[in-house]
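Only one structure is covered here, and it is reproduced in the block below.
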Amino acid sequence: MSALPYLVVHLLSRQAGLYVKQGNPLGLQGWSDLKRPGLRFVNREKGSGARVLLDEQLRLHGIKPGQLHGYDNVQTNHLGVASKVASGEADVGVGIEKAASLVGQIEFIPLIRESYDLVMLKTPENLPWIHSLLQIVRSDAFRQEPQVISGYDLSRTGEILLET
C-alpha cells in the first residue's frame, strides 16, 4: 500500500518557555531546573500545546511528573498560568511570551521556538481548496491578523516545507 501524497505548509512560529517571578529569584534557566525540590509549579490542561511540550521535556530530562509539586494544578490558558506566577501562588509555569507581557510582573525565559504547520493530503479533490488556502495564508490580509498579537513570527507563513 502506497502512502498518499501530502503537502506541509508553515503557518507561524512563537517562543515558548518558563514564566518566573520578576527578577527570577530562584535563578531558573531551563527544563532541568524543574526537578528542584520545593518548586511550586502551575500546569496547563491535558491536550494543550504547553502541556504536550512540558511532558516531552520532562521525559527528555528524566523528570517524572510526580516530581513536580503542582503538576496537577491546572489552568486552561496561558494567562491563567502567568497570573498564578505573578500572584506568587506558583514559582514557575510553561507558556508563551505574549501572555507574560500581558500579565506583567513576571519574566519569560524563552526555551523553544514552536512551529505551527498545516499538513494537507494532495488528492485530486483537495487540489482546488489547497490552492485557495495557499492564496489566503500568503495574502497580506491574512498576515495582518496575527501581527496584531505580537510574539508571532510570520516571516515564513505560506512557505511549503515538504511536498511528496
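Only heavy atoms go into these numbers, but all of them, side chains included; no hydrogens, no water, no symmetry mates.
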Would Leu7 and Val9 count as a side-chain contact (heavy atoms from CB on, under 4.5 Å) if you check the C-alpha gap in whole Å, the side-chain angles of each, and the deciding distance to 0.1 Å?
-> CA-CA 6 Å; Leu7 182 71; Val9 178; 3.9 Å; yes
Check against side-chain contact (heavy atoms from CB on, under 4.5 Å), Leu162 and Tyr6 | CA-CA 8 Å; Leu162 181 65; Tyr6 60 93; 3.5 Å; yes
Report, one line per pair, each donor and acceptor closer than 3.5 Å where one atom sits in a side chain of residues 88-95; sequence neighbours left out.
residue, atom, partner, partner atom, Å
Glu89, OE1, Lys84, NZ, 3.0
Glu89, OE2, Ser87, OG, 3.0
Asp91, OD1, Arg40, NH2, 2.9
Asp91, OD2, Arg40, N, 2.8
Asp91, OD2, Arg40, NE, 3.4

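Contacts of Asp117 classified as side chain to side chain contact (heavy atoms under 4.5 Å, CB included), with partners at least two apart in sequence or in another chain: Val8, His10, Ser115, Leu161. In terms of the side chain to side chain contact (heavy atoms under 4.5 Å, CB included) criterion, residue partners of Asn126 (sequence neighbours excluded) are, by chain and number, Leu121, Thr123, Trp129, Ile130. Residues meeting the salt bridge (Lys or Arg N to Asp or Glu O under 4.0 Å) test with Arg14, sequence neighbours left out: Glu114. Applying the side chain to side chain contact (heavy atoms under 4.5 Å, CB included) test to Thr157 and every residue at least two apart in sequence or in another chain returns Val137, Phe142, Arg143, Leu154. Considering only residues two or more places apart in sequence or on other chains, Glu163 meets the side-chain hydrogen bond (donor to acceptor under 3.5 Å, both in side chains) condition with Lys122. Remark: Glu107 pairs with no residue by the salt bridge (Lys or Arg N to Asp or Glu O under 4.0 Å) rule, at least two apart or across chains. Qualifying side-chain hydrogen bond (donor to acceptor under 3.5 Å, both in side chains) partners for Glu97, counting only residues two or more places apart in sequence or in other chains: none. Partners of Arg138 under the salt bridge (Lys or Arg N to Asp or Glu O under 4.0 Å) rule, at least two apart in sequence or in another chain, do not exist in this structure. A search for salt bridge (Lys or Arg N to Asp or Glu O under 4.0 Å) contacts involving Lys35 returns nothing, not counting sequence neighbours. Here Gln22 pairs with nothing under the side-chain hydrogen bond (donor to acceptor under 3.5 Å, both in side chains) rule; sequence neighbours left out.
For the pair Pro128/His131, no side-chain contact is recorded, criterion being any heavy-atom separation below 4.5 Å from C-beta on. Counting heavy atoms from C-beta outward, Leu34 and Leu54 have side chains that approach closer than 4.5 Å. At least one side-chain heavy atom of Leu11 sits under 4.5 Å from a side-chain heavy atom of Leu118. Considering only heavy atoms from C-beta on, Asn43 stays 4.5 Å or farther from Gln75 through its side chain. Counting heavy atoms from C-beta outward, Leu111 and Gln57 have side chains that stay 4.5 Å or more apart. Side-chain contact between Leu102 and Leu79 is present, with at least one heavy-atom pair separated by less than 4.5 Å. Val42 places a side-chain heavy atom less than 4.5 Å from the side chain of Val85. When side chains are defined from C-beta on, Ile106 does not count as touching Val20, because their heavy atoms never get closer than 4.5 Å.
With hydrogens and angles ignored, the 3.5 Å screen pairs no side-chain donor or acceptor of Arg44 with any backbone N or O of Val74. The backbone N or O of Gly30 lies less than 3.5 Å from a partner atom in the side chain of Asp33, making a donor-acceptor pair.
When all heavy atoms of Arg113 and Asp153 are compared, the closest pair comes out as NH1-CB, 3.8 Å. Between Gly158 and Leu134, the closest heavy-atom pair is O-CD2, 4.3 Å. Residues Gly104 and Ala86 approach most closely at O-CB, 3.9 Å, considering heavy atoms. Shortest non-hydrogen contact noted between Thr76 and Glu45 is CA-OE1, 3.3 Å.
There is no path of hydrophobic side-chain contacts, each under 4.5 Å, that joins Ile109 to Ile96. Criterion: ILVMFWY side-chain heavy atoms under 4.5 Å apart, direct or through other members. Under it, Tyr71 and Leu18 are part of a common hydrophobic cluster. Neither Val52 nor Ile112 shares a network with the other; the hydrophobic side chains, linked directly or stepwise wherever heavy atoms of I, L, V, M, F, W or Y lie under 4.5 Å apart, form separate groups for each.
Note on residues 58-72: pairs passing salt bridge (Lys or Arg N to Asp or Glu O under 4.0 Å), not counting sequence neighbours, are Glu56-Arg59.
Ring planes of Phe108 and Tyr19: tilted class, angle from 30 to 60°.
More than 12 heavy atoms of other residues, nucleotides or ligands shown are found within 6.0 angstrom of CD on Glu159.
Distance OG/Ser83 to CG/Asn77: 8.0 Å, rounded to 0.5 Å.
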